[in-house]
Protein chains: 2
Amino acid sequence: MIWNNMTSEATPNPVCDDALVGFHKHDHKNCVETALTTAEARCKQEGLRLTPVRRKVLEMLLQEHRALGAYAILDALREEGFGSQPPVAYRALDFLVKNGFVHKIERLNAFVACSHPGADHSPAFMICRKCDAVAEAQSAPAKGILGAAARATGFEIERTVVEAEGLCPSCTEKA
Amino acid sequence: MIWNNMTSEATPNPVCDDALVGFHKHDHKNCVETALTTAEARCKQEGLRLTPVRRKVLEMLLQEHRALGAYAILDALREEGFGSQPPVAYRALDFLVKNGFVHKIERLNAFVACSHPGADHSPAFMICRKCDAVAEAQSAPAKGILGAAARATGFEIERTVVEAEGLCPSCTEKA
DNA sequence: GCTCGCAATGTTATACAATCACACTGAGGG
DNA sequence: CCCTCAGTGTGATTGTATAACATTGCGAGC
């Protein structure tokens, strides 16, 4: 039911290695811990401060393994005794997004933990319109027709949002 | 080919100023009227109802020639004597988006008139992070690496959001 | 004509998303 | 020791979007 990490050949080093996590069991606890440890190491290495709030938000997103809205995150922070006003969540999310630990899904106004942290990548997402599952893949939009258009006109691409909406395998079956 | 319009938020009263557009001069009044006529024709042909509210919203987006937020549109509707509550604007926008007259820019939570109405296309956008100008181009995301990932996992792509963020030529020069 | 059904509109209220402004704290660095 | 500054806590506000329900207007069919 939870179809949260639809990995594929196109996604080489995902946090949760098992394909189609939602369909099969996997050692989720372990995958969360690994990701957290990795994040801590990277922060230490790069002089970033993975403070309690930030760590908690990252942990939650890894744990849930799906896209969460800012206010869902905020609710959880409140229950953990952190500040309960929107800026608390947004500041943590800003940090995590800026440093590549988390991605924002523009289409859902929601956030999801990165599946290939550390890798320098421009992510693409597949979003199921029925169950809201989100899977991360890679993209190379600047190489296609869009890149050609940008070069032709002098537009400098810095970042791209690529989000595909459709039906996940699980929801396709049901239909 | 692609760079149909690069409009700028800095133009409160849009006259298709080619200093700002920079790439493509055109007769804006004429282009608005043509687009409206075309839209009306298409609606008639397909049995769609381009009602006064919907027509007004489309006209406004064509006129402004840039991305507008829902509430900016709502304000304008109010001044024209239409209903002034959010659903009025959102319903009209839903209709226009669903039928391809208008696109939503997810990154900006804003709406822009389609540059190639009628054409069956999956649009891509270039958004200047400095002046919020938006240009529409074509994309073919399902053909690249993302399409491969989708096929590999059984994901059925129905729609794609492709939005590039960066600097438009005009803002690049200034920097 | 009537009324049933249906699409569109109007309206109230509310949920969710994001930012502003300002105060406070606590860990370095001079 | 004091200062700075990043991070955090808090209240308030603005912007975006939808739920729920009442109303209107119009065509299909009796």
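Quick note on labels: first sequence line is chain A, next is B, and so on, each numbered from 1.
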Using a 3.5 Å cut-off and no angle test, enumerate the donor-acceptor pairs between side-chain atoms of residues 103-112 of chain B and protein atoms at least two apart in sequence or in another chain.
{"from": "B/H103", "atom 1": "NE2", "to": "B/H121", "atom 2": "NE2", "distance (Å)": "3.2"}
{"from": "B/H103", "atom 1": "NE2", "to": "B/E136", "atom 2": "OE2", "distance (Å)": "3.2"}
{"from": "B/E106", "atom 1": "OE2", "to": "A/R107", "atom 2": "NH1", "distance (Å)": "2.8"}
{"from": "B/R107", "atom 1": "NE", "to": "B/E165", "atom 2": "OE1", "distance (Å)": "2.9"}
{"from": "B/R107", "atom 1": "NH1", "to": "A/E106", "atom 2": "OE2", "distance (Å)": "2.7"}
{"from": "B/R107", "atom 1": "NH2", "to": "B/E165", "atom 2": "OE1", "distance (Å)": "2.9"}
{"from": "B/R107", "atom 1": "NH2", "to": "B/E165", "atom 2": "OE2", "distance (Å)": "3.2"}

| If an axis is fit to five pairs at each end of the helix from C/dG1-D/dC30 to C/dG30-D/dC1, what is the angle between the two, to the nearest 10°? | 10°
Hey, does [Y] have a side-chain heavy atom less than 4.5 Å from the side chain of [X]?
| X | Y | answer |
| --- | --- | --- |
| B/R159 | A/R129 | no |
| B/I73 | B/Y71 | no |
| A/S170 | A/K130 | no |
| B/L62 | B/M60 | no |
| A/C131 | A/C168 | yes |
| A/Q63 | A/K29 | no |

For the pair made of [atom1] in [X] and [atom2] in [N], what is the distance, rounded to whole Å?
| X | N | atom1 | atom2 | result |
| --- | --- | --- | --- | --- |
| A/R107 | C/dA17 | CZ | P | 14 Å |
| B/L50 | C/dA7 | CG | C1' | 15 Å |
| A/I73 | C/dC16 | CD1 | C1' | 13 Å |
| A/L108 | D/dA17 | CG | C1' | 14 Å |
| B/L68 | D/dG15 | CG | P | 14 Å |

| query | Pick the nucleotide of DNA chain D nearest each of B/A70 and A/Y71; which residue has the one closer to the 5' end? | reply | A/Y71
I'd like a table of donor-acceptor pairs (distance under 3.5 Å, sequence neighbours excluded) in which one partner is a side-chain atom from residues 84-92 of chain A, with atom names and distances.
none

| said: Does anything in residues 75-103 of chain B come within less than 4.0 Å of DNA chain D? Heavy atoms only, and list the residues if so. | reply: B/P86, B/P87, B/Y90
| Sidechain-backbone polar pair: B/S122 side chain, B/A140 backbone, donor-acceptor under 3.5 Å | no
| N/O (side chain, A/N109) to phosphate O (OP1/OP2, C/dA18) under 4.0 Å | yes
| task | Indicate whether OP1 or OP2 belonging to D/dT16 is found under 4.0 Å from a side-chain N or O atom of B/K104. | result | no
| request: Give the B/S/- string for nucleotides 25-30 of chain C, one per nucleotide from 5' to 3', where a protein heavy atom under 4.0 Å of the base yields B, of only the sugar-phosphate yields S, and otherwise -. | output: ------
| task | Starting at CG of A/L146, measure out to CE of B/M126 and round the result to the nearest 0.5 Å. | result | 6.0 Å
Under 3.5 Å, side-chain donor or acceptor atoms of residues 46-59 of chain B against the rest of the protein: list the pairs with distances, not counting sequence neighbours.
{"from": "B/E46", "atom 1": "OE2", "to": "B/R42", "atom 2": "NE", "distance (Å)": "3.0"}
{"from": "B/R54", "atom 1": "NH1", "to": "B/R49", "atom 2": "O", "distance (Å)": "2.7"}
{"from": "B/R55", "atom 1": "NE", "to": "B/E40", "atom 2": "OE2", "distance (Å)": "2.6"}
{"from": "B/R55", "atom 1": "NH2", "to": "B/E40", "atom 2": "OE2", "distance (Å)": "2.9"}

